[in-house]
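Because the structure is a prediction, the values reported are computed rather than measured.
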Amino acid sequence: MEKLDHIKSHLATLSQIGENEKNGFINLVSRYLSGEAQQIEWSKIQTPTDEVVVPYDTLAPLSDDPAETKKLLDKLVVLKLNGGLGTTMGCTGPKSVIEVRNGFTFLDLIVQQIENLNKKYGCNVPLVLMNSFNTHDDTLKIVDKYANSNIQIHTFNQSQYPRLVAEDFTPFPCKGQPGKDGWYPPGHGDVFPALMNSGKLATFLSQDKEYAFVANSDNLGAIVDLKILNHLVKNKNEYCMEVTPKTLADVKGGTLISYEGKVQLLEIAQVPDAHVNEFKSIEKFKIFNTNNLWLNLNAVKRLVEADALKMEIIPNPKEVEGTKVLQLETAAGAAIRFFDHAIGINVPRSRFLPVKATSDLLLVQSDLYTLVDGFVSRNSARANPENPSIELGPEFKKVSNFLSRFKTIPSIINLDSLTVTGDVWFGAGIVLKGKVKIAAKPGEKLEIPDGIVIENKEINGPGDLSS
């Protein structure tokens, strides 16, 4: 307990955060230090039945009566996790303001979708953004431009916790890092207490809202699904996690299991070393968590008040300017085991379309997708149900570089895979088909001319383009 007292005495000197956050942080650290990490007994893991992970095709059809649909939607709040910065893609602000398509950002598309719902059904679905201290100011500036739209936008901040110096567990801000680098947002598992502490939960409950649809702001597939909402309301499910069939690209994603009579999220970090390969196999664990979650708001209030949401703690070691620090985080998906009648729904892959890197941006900006009313949907002209696999070299990592290297995004409807390495520049109106590899020789610039069709070819220089 020495470490805990040491942290408490330093924490008392920090004026940047309030009592709620200090208490939440102490709670998290003391759980971490007590080593309560629950070991999964591998032999007890069971595959969930269709009652626990419901196949999407078995959901009841919706009523044709628009008044019924309005009644359903008036119970709903859409909450987007908006704490992430676009740093992996070379951007300094919130990731949600990266332009995705036709000059629209993630945030623009989300607002358009909800505006269309509200207009179509005469309902009032508010949009709620959970920001972090990193994204708060920038997001508010952007939200301003929607002041006159027919949608209420609420924002609140997730907690701000001090990073801990690894060698002696002193809060980093007390040890020479008073600026932003001394702090961190503790993962999206913080959505439950932060929603409550911000006063937003009380606001929504007073407006008779019952469910929140929670999703990452960079998942373009995470749109309101009335069949899911209808199912949860009818069956009184307090929590629902959307899962989707795993492909080889998703082998590290968390999966749902039945464990000691409860549905539970199993993450790769909890898997004993001897079973990691089994966890990654598509045969045994066929689904993974999309992080599209549906929460009953009354249940969230009950569980936060009872301090019952003790999700697994994810220790995230970092190095900041030469100092090794530790940040403790939790994930919202891990809360599934604390809710009553919690289920998964096995949804179509189209509901999972995250943009984590410029290779994903290439997919959603191409002719593989179309944009209507803020919804990005897949072009039915593509026969293959899987998306092409795309690997772009470091020259394409930043959004600005990526955009400057493509005069226009190539047609990729019939592409299986694309690998690009080196100093490559793309002209306009290019068509890529089958398996394409383009590798510029070190120190040489390779320009792909306008209007060329490349099918099942490896290109290492201008000479390969003509043949």
Under 4.5 Å between any side-chain heavy atoms of [X] and [Y], yes or no?
X      : Y      : result
Val263 : Ile343 : no
Lys280 : Val276 : yes
Leu28  : Thr330 : yes
Pro245 : Lys286 : no
Arg349 : Pro385 : no
Asn379 : Ile413 : yes
Lys180 : Asn134 : yes
Leu229 : Val224 : no

Over 12 non-hydrogen atoms of neighbours within 6.0 angstrom of [atom1] in [X]:
X      : atom1 : value
Gln46  : CD    : no
Lys324 : NZ    : no
Lys356 : NZ    : yes
Lys227 : NZ    : yes
Glu391 : CD    : no

Would the distance check show the side chain of [X] and the main-chain N or O of [Y] forming a donor-acceptor pair, the cut-off being under 3.5 Å?
X      : Y      : result
Ser417 : Lys435 : no
Arg101 : Tyr369 : yes
Thr135 : Gly84  : no
Thr408 : Gly429 : yes
His188 : Ala332 : yes
Lys457 : Asp464 : yes
Asp360 : Ala357 : yes
Glu447 : Trp425 : no
Asn197 : Ala194 : no

Taking all non-hydrogen atoms of both residues into account, name the closest pair between [X] and [Y] and its distance.
X      : Y      : answer
Tyr259 : Glu41  : OH-N, 2.8 Å
Leu4   : Ser30  : CD2-CB, 3.5 Å
Arg378 : Glu386 : NH2-O, 3.2 Å
Pro186 : Ser159 : CD-O, 3.2 Å
Gly24  : Tyr161 : C-OH, 3.3 Å
Gly434 : Asn456 : CA-OD1, 3.2 Å

Atom pair [atom1] ([X]) and [atom2] ([Y]), whose distance is rounded to the nearest 0.5 Å:
X      : Y      : atom1 : atom2 : answer
Asn82  : Thr139 : CG    : OG1   : 4.5 Å
Asp340 : Asn296 : CG    : CG    : 9.5 Å
Asn460 : Lys441 : CG    : NZ    : 6.0 Å
Leu201 : Asn298 : CG    : CG    : 8.0 Å
Ile345 : Ile228 : CD1   : CD1   : 5.0 Å
Asn102 : Leu371 : CG    : CG    : 5.0 Å

Donor-acceptor side-chain pairing of [X] and [Y] below 3.5 angstrom:
X      : Y      : result
Asn219 : Asn292 : yes
Asn401 : Ser404 : no
Asp108 : Thr105 : yes
Gln327 : Arg163 : yes

>> Over 60° means perpendicular and under 30° means parallel, so tell me whether Phe213 and Trp294 are parallel, tilted or perpendicular.
In response: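 Plane angle under 30°, so parallel.
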>> Please confirm whether the ring centroid of Phe396 lies under 6.0 Å from the ring centroid of Phe406.
In response: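 Judged by ring-centre distance (under 6.0 Å), Phe396 and Phe406 do meet the cut-off.
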>> One thing to verify: whether Arg337 and Glu312 come together as a salt bridge, which I'm taking to mean a side-chain N less than 4.0 angstrom from a carboxylate O.
In response: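 Looking at Glu312 and Arg337, the cut-off is met.
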>> Whether Glu395 and Arg405 form a salt bridge (side-chain N of Lys/Arg under 4.0 Å from carboxylate O of Asp/Glu) is what I want to check.
In response: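 Between Glu395 and Arg405 there is no salt bridge, as every charged N stays at least 4.0 Å from the carboxylate O atoms.
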> Given the rule in the side-chain contact (heavy atoms from CB on, under 4.5 Å) test, do Leu79 and Met130 qualify, once you have shown the distances and angles that lead to the verdict?
Replying inline: CA-CA 7 Å; Leu79 197 165; Met130 180 168 90; 4.1 Å; yes
> Given the rule in the side chain to side chain donor-acceptor pair (under 3.5 Å) test, do Asp225 and Tyr56 qualify, once you have shown the distances and angles that lead to the verdict?
Replying inline: CA-CA 11 Å; Asp225 187 299; Tyr56 184 82; 2.6 Å; yes
> Does Phe279 have Lys246 sitting over its ring (NZ/CZ under 6.0 Å from centre, angle to axis within 45°)?
Replying inline: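 The answer is yes; both the distance and angle limits are met.
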>> Both conditions, 6.0 Å and 45 degrees, for the charged tip of Lys200 above the ring of Phe156: are they met here?
In response: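 Relative to the ring axis of Phe156, which defines the angle, Lys200 lies outside at least one limit.
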> Can you check side-chain contact (heavy atoms from CB on, under 4.5 Å) on Tyr184 and Leu328, steps first, answer last?
Replying inline: CA-CA 9 Å; Tyr184 75 100; Leu328 303 176; 3.8 Å; yes
> What residue among Asn216, Thr87, Asp218 forms side-chain hydrogen bond (donor to acceptor under 3.5 Å, both in side chains) with Lys95?
Replying inline: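 Of the listed residues Asn216, Thr87, Asp218, the side-chain hydrogen bond (donor to acceptor under 3.5 Å, both in side chains) partner of Lys95 is Asp218.
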>> For Leu256 and Asn289: C-alpha separation, side-chain torsions, deciding distance, then whether side-chain contact (heavy atoms from CB on, under 4.5 Å) applies.
In response: CA-CA 7 Å; Leu256 284 183; Asn289 171 20; over 6 Å; no
>> Please evaluate residues Asp250 and Thr247 with respect to the criterion side chain to side chain donor-acceptor pair (under 3.5 Å), reporting the C-alpha separation (whole Å), side-chain torsions for both, the decisive distance (0.1 Å), and the verdict.
In response: CA-CA 5 Å; Asp250 318 302; Thr247 68; 2.8 Å; yes
> Which is it for Ile412 and Leu418 under the side-chain contact (heavy atoms from CB on, under 4.5 Å) test, yes or no, and what are the steps along the way?
Replying inline: CA-CA 9 Å; Ile412 59 170; Leu418 170 68; 5.8 Å; no
